[in-house]
Undergrad: 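Have a look at this one before I ask anything.
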Amino acid sequence: MNNIESSSLYEQDYYLWLKDTYQIELELLLKSKTLYNYFLQEIEEIYSKARKQVIKKTDLPAAIFPEYYHFKADQLLDSDFLP
């Protein structure tokens, strides 16, 4: 394995770890009713920004990502949920 492959694997592992860490922290934070209600209030803007970021980073056509979210909050917070 060369250094480029090794570096790429390291980055993949790091991003998976980071995603899992953020998911755990988010779940803990949203146990607070105040933060959960704020999340529900801001979900449309959060989704819109996340959609734009994914389109930009993946170079995939915008049409494959729903313009408006139509998921339940519990689905969005479920790390095993795949739309």
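In this text, all values refer to a predicted model and were calculated from it rather than measured experimentally.
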Undergrad: Determine whether Ile43 and Phe71 fall in the same hydrophobic cluster, where Ile, Leu, Val, Met, Phe, Trp and Tyr are linked whenever their side-chain heavy atoms lie under 4.5 Å apart.
TA: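 Yes, one cluster joins them.
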Undergrad: Working to the nearest 0.5 angstrom, can you tell me the gap between Thr34 OG1 and Leu29 CG?
TA: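 Output value for this atom pair is 12.0 Å.
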Undergrad: List the residues meeting salt bridge (charged side-chain N to carboxylate O under 4.0 Å, His left out) with Lys52, not counting sequence neighbours, and say none if there are none.
TA: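 Salt bridge (charged side-chain N to carboxylate O under 4.0 Å, His left out) check on Lys52 returns nothing, list empty.
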Undergrad: Looking at side-chain heavy atoms only, is the closest gap between Tyr68 and Glu44 below 4.5 Å?
TA: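 No, their side chains stay 4.5 Å or more apart.
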Undergrad: Could you go through Leu40 and Asn37, starting from their C-alpha distance and side-chain angles, then the distance that decides it, and tell me whether this counts as side chain to side chain contact (heavy atoms under 4.5 Å, CB included)?
TA: CA-CA 5 Å; Leu40 294 178; Asn37 289 334; 4.3 Å; yes
Undergrad: Would a single hydrophobic cluster contain both Tyr47 and Phe39, if residues Ile, Leu, Val, Met, Phe, Trp and Tyr are joined by side-chain heavy-atom contacts under 4.5 Å?
TA: yes
Undergrad: Taking CD in Glu45 as the centre, count heavy atoms belonging to other residues, nucleotides or ligands within less than 6.0 Å. Is the count above 12?
TA: no
Undergrad: Flag the pair Lys31 and Glu27 as a salt bridge only when some basic side-chain nitrogen lies within less than 4.0 angstrom of an acidic carboxylate oxygen.
TA: no
Undergrad: If you compare all heavy atoms of Tyr36 against all heavy atoms of Leu30, which two are closest, and at what distance to 0.1 Å?
TA: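 Scanning both residues completely, I find the closest heavy atoms to be CB-O, 3.5 Å.
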Undergrad: Look at the side chain of Arg51 and the backbone N and O of Ile46, then say whether any donor-acceptor pair between them is shorter than 3.5 Å.
TA: no
Undergrad: Can any side-chain N or O of Gln75 pair as donor or acceptor with the backbone N or O of Lys72 at less than 3.5 Å?
TA: yes
